[in-house]
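The chains referred to below are lettered A, B, ... by the order of the sequence lines, with proteins before strands, and numbering in each begins at 1.
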Protein chains: 2
Amino acid sequence: MTTSEVPDIVIGRLPIYLRALTLLHEEGHEFTSSQELGQKLGIGSAQIRKDLSFFGEFGKQGTGYEIKYLHDQISKILKVNRDWAVALIGFGALGQAVTNYGGFATKGFYIEAIFDSDPNKIGKTIEGRVIQDIANLVEVITRQKIKVAIIATPVQVAQQVADQLIAVGVQAILNYAPITLTVPSNIQVQYIDPVVHLQRMTYYLT
Amino acid sequence: MTTSEVPDIVIGRLPIYLRALTLLHEEGHEFTSSQELGQKLGIGSAQIRKDLSFFGEFGKQGTGYEIKYLHDQISKILKVNRDWAVALIGFGALGQAVTNYGGFATKGFYIEAIFDSDPNKIGKTIEGRVIQDIANLVEVITRQKIKVAIIATPVQVAQQVADQLIAVGVQAILNYAPITLTVPSNIQVQYIDPVVHLQRMTYYLT
DNA sequence: TAGATTGTTAATCGATTAACAATC
DNA sequence: TAGATTGTTAATCGATTAACAATC
């Protein structure tokens, strides 16, 4: 959440739009409208038009949006029209699942460095990448100029790992550890904690 | 997002509060304040007090909140002071990671039924649970009266799986498939798509 | 042209926050 | 008592939405 022209909540919806556009494209559609998109996403059509208007004019009156064009434009806005090198810290069950998940690479996020502290894991090769000693984190990430990291460590070390990452220039952290990280305001952090999502839903259950 | 007395955004913060309280408790603290909590979570203290005020009075002027008590109260509010049976649909790499993840059970979410469509997987036993044919989903979930489900299927079948789940009484869905599900307004859905989180952050990168 | 849909404005709605009396 | 912190009010801030002129 950085001070910015465009509200962060709008930025947060763009990947959702992108995902829907990808799906429509795969289904062979060529055009869509703010109404159709909104229906699919459970969002008002006005909101979609307003969100897009922060960045330019992407549609045509009467016909709507060309799906491929809008997809490319949003990709550019989000800077996902290129590849990003990602560091993964923690190669436990979760870190291994993250590594094996094909969805990152197909979207341009390549895990190019993996770290763990377990001597039994350090040195092993996983799909061409050697698991490195977390003691070398500072050196390796500095050298490779990696800007994006995924934390999949135990919760006890997550904050100190984050501190190290930030110290060597990482600007965006996807944190799987169940803890809110304390970071400077210019650092991006996103959280994945499935338990949080489940707990949010049980409130509504009868 | 159901029509409700308490704003859904407030409900969404309660699990975060719970997580912080758990941590403080584990660190041996006995009391905390809205200020301390807010600092740890990057949230204003007034917001925390306001959020809690929707449900009652849990603190004491001058001393703040007893951590264990507040934790228990929020647990009750969220209905996570009991166990929940969970169905898992899809036993690919992701579904397997979800099954092996210990974090669900320790928070009271027990995966009590696993479904897949692959004949090579159906019938196998995983930690005491047999992988069942997705063709039996309707029967099994109806019989076991399961209310919470996790979708970890390929994106192509996620919507139809969701439709089936809802038809047999599932009220809360945690969806790992990269698609926005269309569901009735009384059904809770939460999404986990790490790519969405990463794409949201790259916008801010230089 | 007639119909459809955009981009944008202004109104509405809702969430956050500052301030403070109450009180432990 | 003095200091600290709550719960709550009212003001501020920001996001959503309805409406419509413009135009494809």
Side-chain angles (χ1 to χ4, degrees), chain A residues 1-17 20-21 24 29-71 73-74 77 180 185 200 203, chain B residues 1-17 20-21 24 29-71 73-74 77 180 185 200 203:
Chain A
M1 218 138 330
T2 307
T3 319
S4 153
E5 182 80 346
V6 182
D8 181 64
I9 197 161
V10 172
I11 304 302
R13 280 190 291 264
L14 295 185
I16 307 294
Y17 298 165
L21 291 166
L24 283 168
H29 294 79
E30 211 174 330
F31 290 91
T32 190
S33 64
S34 59
Q35 182 156 104
E36 184 183 48
L37 261 181
Q39 203 128 43
K40 287 196 180 295
L41 298 177
I43 286 178
S45 64
Q47 179 161 86
I48 292 174
R49 296 198 301 279
K50 182 109 218 290
D51 285 354
L52 296 177
S53 76
F54 282 100
F55 306 98
E57 307 191 353
F58 306 105
K60 229 185 234 172
Q61 285 100 327
T63 55
Y65 304 91
E66 211 227 307
I67 289 168
K68 202 173 164 327
Y69 176 73
L70 183 57
H71 181 277
Q73 293 301 306
I74 295 178
I77 292 164
T180 302
S185 64
R200 179 178 187 157
Y203 171 81
Chain B
M1 217 139 331
T2 307
T3 318
S4 151
E5 181 82 347
V6 181
D8 181 65
I9 197 160
V10 172
I11 303 302
R13 280 190 293 262
L14 295 186
I16 307 295
Y17 298 166
L21 291 167
L24 283 168
H29 293 79
E30 210 175 330
F31 290 90
T32 189
S33 64
S34 59
Q35 183 156 102
E36 184 183 49
L37 260 181
Q39 204 129 41
K40 287 196 180 295
L41 299 177
I43 285 178
S45 64
Q47 180 161 85
I48 291 175
R49 295 199 301 280
K50 182 112 219 289
D51 285 353
L52 296 177
S53 76
F54 282 102
F55 306 98
E57 309 191 351
F58 305 106
K60 229 184 236 172
Q61 285 100 327
T63 56
Y65 304 92
E66 210 227 308
I67 289 169
K68 203 175 163 328
Y69 176 73
L70 184 57
H71 181 278
Q73 292 301 305
I74 295 178
I77 292 164
T180 302
S185 63
R200 178 179 186 157
Y203 171 81

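In this structure, of C/dT8, D/dA22, C/dA22, it is C/dA22 that holds the atom nearest to the side chain of B/Gln61. With distances taken from any side-chain atom of B/Lys50 to the nucleotides C/dA15, D/dT9, C/dG7, the minimum falls on D/dT9. Residue A/Ser33 has its side chain nearest to C/dT5 when only C/dT5, D/dT6, C/dA15 are considered. Side-chain atoms of A/Glu57 lie closest to C/dT8 of the nucleotides D/dA15, C/dA15, C/dT8. Nearest nucleotide to the A/Lys60 side chain, out of C/dA15, D/dC24, C/dG7: D/dC24. Distances were taken from every side-chain heavy atom of A/Ser53 (C-beta onward) to each of C/dT8, D/dT5, C/dA18; the shortest belongs to C/dT8.
Atoms CD1 (B/Ile9) and C1' (C/dT16) sit 10 Å apart, rounded to a whole Å. Rounding to whole angstrom units, CD of residue B/Glu66 and P of D/dT6 are separated by 14 Å. What separates CD of A/Gln35 from C1' of D/dA18 is a distance of 14 Å, to the nearest Å. Distance, A/Phe31 CZ to C/dT6 C1': 14 Å, rounded to whole Å. Rounded to an integer number of Å, the gap from B/Glu36 CD to D/dT5 P is 10 Å. Regarding B/Ile43, its CD1 atom lies at a distance of 11 Å from the C1' atom of C/dT16, rounded to whole Å. Computed from coordinates, the B/Asp51 CG to C/dG14 C1' distance equals 14 Å when rounded to whole Å. Summarising the geometry, the separation between CZ on A/Arg49 and C1' on D/dC20 is reported as 10 Å, rounded to the nearest angstrom.
Note on A/Arg13: a side-chain N or O is less than 4.0 Å away from OP1 or OP2 of D/dT16. For A/Gln47 and D/dT16, the shortest distance from a side-chain N or O to OP1 or OP2 is below 4.0 Å. A close approach under 4.0 Å does not occur between any side-chain nitrogen or oxygen of A/Tyr65 and OP1 or OP2 of C/dA4. At the phosphate of C/dT5, neither OP1 nor OP2 sits under 4.0 Å from any side-chain N or O atom of A/Thr63.
Residues A/Thr63 and A/Lys60 meet the side-chain proximity criterion, which asks for heavy atoms closer than 4.5 Å. Contact of the B/Leu21 side chain with the B/Leu37 side chain is registered, since non-hydrogen atoms from C-beta on lie closer than 4.5 Å.
In this structure, B/Ser45 reaches neither bases nor backbone, as no heavy-atom distance under 4.0 Å exists between it and the strands shown.
With sequence neighbours excluded, the residues that form a side chain to side chain contact (heavy atoms under 4.5 Å, CB included) with B/Tyr69 are B/Phe58, B/Glu66, B/Gln73.
Pair check for C/dA15 finds D/dT12; Watson-Crick or G-U wobble, both atom distances under 3.5 Å. In this structure C/dT23 sits in a base pair with D/dA4, meeting the Watson-Crick or G-U test at under 3.5 Å.
The number of heavy atoms from other shown groups lying within 6.0 Å of CD (B/Gln35) does not exceed 12.
Atom-to-atom distance recorded for B/Glu5:CD and B/Phe55:CZ is 9.5 Å, nearest 0.5 angstrom. Atom-to-atom distance recorded for A/Leu70:CG and A/Tyr17:OH is 10.0 Å, nearest 0.5 angstrom.
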